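I have placed the structure first, in the form of structure tokens, so that the comments after it can refer back to it.
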Amino acid sequence: MSVAFDPIGGKPAEHPLDLLAPGGKPVGYGLVAEEPISVHASTPLRKSLTLRGENVVGRWPTEAPTERRASDVATAKRLAPGLTDQFDVAATYGLDGLTDAVEHAVRPGKVGTRPHPP
């Protein structure tokens, strides 16, 4: 494999590195995990890997063509129902609980919503 995309960061980011071919490129674009990426120095050296970070989500709303954004959203909606066991659900709200849901969503300290480190 020549490229591995990592939307999580942290400890899970180590696993795709083992799958990369020499000269491969791991691309990190997410900050869901609370811990930092911890990779032994021998891993990128042994495989001549180039580590790269990309702010994909930050540019997507303004740079992706309208058709691409629509396609991405449709794909996410199709895939998400089959991946519910991959995500922790903090709470579920009905439409009558919209105010409570928004208040919960903006609370600080949740996994995946931490501010970026300086």
Side-chain angles (χ1 to χ4, degrees):
M1 176 183 330
S2 61
V3 178
F5 293 96
D6 171 36
I8 306 296
K11 187 107 175 113
E14 298 172 29
H15 304 294
L17 299 180
D18 293 331
L19 303 174
L20 287 169
K25 294 175 179 59
V27 179
Y29 65 95
L31 298 168
V32 176
E34 292 196 26
E35 73 274 0
I37 296 173
S38 176
V39 177
H40 192 279
S42 68
T43 302
L45 293 174
R46 178 173 36 95
K47 292 189 173 188
S48 298
L49 301 178
T50 300
L51 302 175
R52 178 180 169 137
E54 188 65 44
N55 186 359
V56 176
V57 176
R59 292 190 336 244
W60 179 78
T62 58
E63 292 184 12
T66 303
E67 298 80 22
R68 175 61 188 261
R69 289 193 315 268
S71 173
D72 290 347
V73 169
T75 300
K77 286 180 178 180
R78 190 179 77 248
L79 294 174
L83 299 172
T84 55
D85 61 330
Q86 301 292 314
F87 304 98
D88 292 330
V89 176
T92 302
Y93 298 91
L95 289 177
D96 60 337
L98 182 60
T99 301
D100 294 331
V102 170
E103 288 173 359
H104 187 177
V106 298
R107 266 186 232 151
K110 295 183 309 302
V111 172
T113 59
R114 298 180 300 122
H116 297 296

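A quick note: this is a predicted structure, and the numbers were derived from the prediction, not measured.
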* Rounded to the nearest 0.5 Å, what separation is found between the CD atom of Glu103 and the CG atom of Leu98? -> 10.0 Å

* To do: Verify, without hydrogens or angle tests, whether Thr75 (side chain) and Ser71 (backbone) share a donor-acceptor contact under 3.5 angstrom.
  => yes

* To do: Specify the closest pair of heavy atoms between Glu35 and Lys11, including all atoms of both residues, with the distance to one decimal.
  => OE2-N, 2.8 Å

* Asked: Does the side chain of Leu17 reach to within under 4.5 Å of the side chain of Leu20, using non-hydrogen atoms?
  -> yes

* To do: Give the minimum heavy-atom separation between Leu49 and Pro26, together with the two atoms involved.
  => CB-CD, 4.3 Å

* Asked: How far does NZ of Lys47 sit from CG of Leu19, to the nearest 0.5 angstrom?
  -> 7.0 Å

* Enclosure of Arg68 CZ (heavy-atom neighbours >12, cutoff 6.0 Å) -> no

